[in-house]
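Worth knowing before you read on, the calculation uses all heavy atoms, side chains too, and leaves out hydrogens, waters and symmetry mates. Chain letters run A, B, ... following the sequence lines, proteins first and then strands; every chain starts at 1.
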Number of protein chains: 2
Amino acid sequence: MARGKGASRESETGTLGKVMALLELVTHSDGPMRFTDILALSSQPRGTLHRQLVHLVEEGLLEFDADGRYVPGLRLLDLASRSWARNEFRLITEPYLKDLQQMSGETVHLGVLRGTSIIYLDKIEGRQSVRMYSQIGNASPVYCTGVGKAALSVLPDDAVEPLARNLSFNRFTPHTLGSADALLQELKTIRETGVALDREEHELGIRCVAAAVWTVDGSFTGGVSITGPAYRLTLERLEEWTTPIKQAAQSIMDAIRIRLGPRG
Amino acid sequence: MARGKGASRESETGTLGKVMALLELVTHSDGPMRFTDILALSSQPRGTLHRQLVHLVEEGLLEFDADGRYVPGLRLLDLASRSWARNEFRLITEPYLKDLQQMSGETVHLGVLRGTSIIYLDKIEGRQSVRMYSQIGNASPVYCTGVGKAALSVLPDDAVEPLARNLSFNRFTPHTLGSADALLQELKTIRETGVALDREEHELGIRCVAAAVWTVDGSFTGGVSITGPAYRLTLERLEEWTTPIKQAAQSIMDAIRIRLGPRG
DNA sequence: CCCGCTGTTCCATTATTTGGAACACAATTT
DNA sequence: AAATTGTGTTCCAAATAATGGAACAGCGGG
C-alpha cells in the first residue's frame with residue numbers, strides 16, 4: 001500500500017524478493033562466488049542464506065559448480081529466450097531495424113527503459129554478427145546511451161526530474177554527462193532536434209544517433225539507435241542519419257498503434 | 001533428504017518452487033495470458049494466484065501489459081545475458097565452434113543436457129546471423145536432436161535407461177524416433193561411430209552431425225553439432241564431417257581439462 | 001594434534017503464505 | 001434498464017514456511 005514516489009528501495013516482495021536479490025547478486029558478480037563471498041555481501045545469517053541458495057540451485061536458477069562455487073543457472077537462458085522471442089514490441093520493430101541497418105551499414109539497436117537502465121531488446125549488426133547475446137539483454141545506464149537519453153526526452157517532466165536526481169553518474173569516459181543538471185540540459189536539446197547523440201559518452205571510440213519510440217500509455221518507452229566506431233560515424237554522418245532514424249521511429253510508432261489499437 | 005530416483009515430480013522448493021512453476025507456465029505459453037487463463041492451469045485458489053502474480057510482476061519477472069495480460073518480463077533478459085556471457089564452458093568452446101563453422105560453412109551449435117532437454121548454449125551461423133537468440137537458450141528434446149543423442153550416448157547406462165523410459169516421444173517428423181527402445185538402439189550405434197546424426201528427426205529438411213563433449217565428473221554433458229538444410233547436408237557430406245567434428249569435440253574436452261583441472 | 005576457516009544441519013520462534021469468501025467492475029443477456 | 005455472468009481484486013484467521021542462532025562437520029595448514 002505504501003508505495004512511495006521512489007525514494008528508498010522498499011517493498012521487498014516477501015520471500016521472492018529476497019531470493020531474487022540473491023540471484024541478482026550472484027548473477028551480477030564478476031565470476032563464480034563461494035558461499036562465504038555471498039555471505040559477506042548478503043547480510044543474512046548463514047543458515048538462511050544456505051537454504052536460499054539450495055533452493056535457487058534446485059530450481060536451476062543458480063548452479064553449484066564442481067569447485068563448490070555458485071554460478072548463474074541455465075534455466076535463465078530458457079526462460080529468457082522465450083521472453084525475447086515473444087516480445088511484442090520487438091516483433092513489430094524488427095523489420096524497421098533491418099531497414100535502418102541496411103541503410104546505414106552499421107549496428108542498429110532497440111532499447112527499452114526499465115527503471116534507470118536501458119535494456120537492449122534487439123540488435124542487428126552489419127556483416128558477421130557473431131556476438132549477439134553479449135548485447136541483447138544488457139542493461140546500460142540511461143544517461144550515457146543514445147537510446148537512454150532519447151527515451152528520457154519523451155517522459156513527462158514530473159517523471160524525468162526525480163529519475164535524473166536519483167541517478168549516480170559514473171564517468172565512463174571524459175565525455176560522459178556528470179550531473180543531473182547536465183542531463184536535463186541535454187534533454188532540452190534532444191526534444192528540439194528529435195534525436196539523441198552519444199558522443200563517446202559510454203565507450204571511447206563509439207558514437208551513436210538515437211530516436212525515441214514510445215506509447216502514450218507508457219507501456220513502452222525506449223528508442224532505436226545506429227551505433228558505430230567514431231572514425232566512421234563522423235558528425236556529418238550522424239547528421240545525415242537524423243532524418244531516417246526519426247522516420248523509422250515514427251513508422252514504428254505507427255505500426256505499434258495499428259497492432260495494439262488506440263493504446264499507442 | 002528423500003530425493004527419489006526421479007520418478008515423481010516431488011520436492012517443491014517451498015515458495016520459490018511454486019512461483020517458478022507459475023513463471024514457467026506463463027513463459028512457456030504461446031502468448032500473453034489473462035488471469036483466468038492462468039487460474040485454469042495452475043490449480044491454485046484465486047487469492048493465492050493473484051498475490052503470486054503481483055509478486056512476479058513487482059520483481060520484473062512478469063509484466064502486466066496494457067490489456068491486462070501477463071507476459072514474460074524483461075528482467076529475465078538481463079539475468080540471462082549475464083548467465084550466458086560468463087558461462088565457462090561456452091567461453092572455452094567458442095573458438096572451436098568458430099573453426100567448425102569456417103570449415104563447414106554451416107551453422108554450428110553447442111548444447112548441454114539439462115534434465116531431458118538440450119539447452120543450446122551457443123550458435124554460430126555462416127553469413128548474416130540475424131536471429132540468434134531464437135535458438136540460444138532454447139530447450140529441445142534429447143531424442144530428436146544430434147546433440148541430444150550424442151550427449152545421451154556418453155551417459156552411464158544406469159542413467160540413460162530411466163531417462164529414456166521417462167521420455168514422452170513426440171513425433172515431430174516421420175523420422176523422429178518413437179520409443180525408448182529405438183532410442184537405446186540408436187545410442188549403441190552412436191557409441192560405436194562416435195557421432196550422432198539427426199536425419200530430419202526434429203524438423204523436415206534439417207539434418208545435423210553431432211559429437212559429444214563431456215567431463216568425467218558430470219559437470220558438463222553435451223555436444224557440438226553442424227546443422228543445415230538436407231539438400232546441402234547430403235549423407236556424404238555428413239560422413240565427411242564426422243572426423244573434424246570428433247576432433248573438435250576432443251580438442252574442446254582437452255581444453256576443458258586444462259582450464260578446469262583434473263575434473264574433466 | 002590443534003586451530004581456524006568454510007560449509008552444513010537443526011529446531012523453536014517468527015513471519016509469510018494460504019485460501020475461502022466477499023467485494024468490485026465490466027460486458028453481455030434478458 | 002435490470003439482471004446475470006465473467007473477471008479481477010481485496011481481506012483476514014488459520015496453516016505453513018522462512019528465520020537465525022547455535023551447534024556440528026570437514027579440511028588444510030601450522
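One finds the CZ atom of B:R82 at 12.0 Å from the CG atom of A:L76 (value rounded to the nearest 0.5 Å).
No donor-acceptor distance shorter than 3.5 angstrom exists from the side chain of A:R90 to the backbone of A:D122, with no hydrogens or angles considered. Counting only distance, with no hydrogens or angles, the side chain of A:D37 and the backbone of A:R34 share a donor-acceptor pair below 3.5 Å. Using modelled atom types, one side-chain atom of A:R86 and one backbone atom of B:G31 make a donor-acceptor pair closer than 3.5 Å. With hydrogens and angles disregarded, a donor-acceptor distance shorter than 3.5 Å links the side chain of A:R191 to the backbone of A:S153.
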Got a list of protein N/O to nucleotides 19-28 of chain C N/O distances below 3.5 Å?
{"residue": "C:dG19", "atom": "N7", "partner": "B:T48", "partner atom": "OG1", "Å": "3.2"}

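Between the CD atom of A:Q52 and the C1' atom of C:dT8 there is a distance of 15 Å, given to the nearest Å. Per the geometry, CG belonging to A:L49 stands 15 Å off P belonging to D:dA18, to the nearest Å. Between the P atom of D:dG8 and the CG atom of B:L39 lies a distance of 9 Å, rounded to the nearest Å. Distance CE (B:M20) to P (C:dT17): 16 Å, rounded to an integer number of Å. Rounding to whole angstrom units, CG of residue B:D65 and P of D:dG8 are separated by 12 Å. The CG-C1' distance, from B:L53 to C:dT17, rounds to 15 Å in whole Å. B:L16 places its CG atom 14 Å from the C1' atom of C:dT17, with the value rounded to the nearest Å. Between A:R69 atom CZ and C:dT6 atom C1' the separation is 15 Å, expressed in whole Å.
Checked against D:dT9, D:dT19, D:dT7, the side chain of A:K18 finds its nearest nucleotide in D:dT19. Out of C:dG7, D:dA18, C:dT18, the shortest distance to the side chain of A:R34 is found at C:dG7. Distance from the side chain of A:T15 is smallest for C:dT16 among the nucleotides D:dT9, C:dT16, D:dT19.
The aromatic rings of A:Y143 and A:F172 sit parallel to each other, their planes meeting at less than 30°, with 60° as the upper class boundary.
In the helix from C:dC1-D:dG30 to C:dT30-D:dA1, the terminal helix axes, each the rotation mapping four pairs' C1' atoms onto the next four within five end pairs, subtend 20°, rounded to 10°.
Scanning both residues, B:L23 and B:L61, for their nearest heavy atoms gives CD1-O, 3.5 Å.
Distances shorter than 4.0 Å separate some side-chain N or O of B:H50 from OP1 or OP2 on D:dT9.
A salt bridge is defined here as a Lys NZ or Arg NE, NH1 or NH2 lying under 4.0 Å from an Asp or Glu carboxylate O, and B:D254 with B:R257 meets this definition.
Across A:H50, A:R46, A:R51, a single residue satisfies side-chain contact (heavy atoms from CB on, under 4.5 Å) together with A:T48, and that is A:R51.
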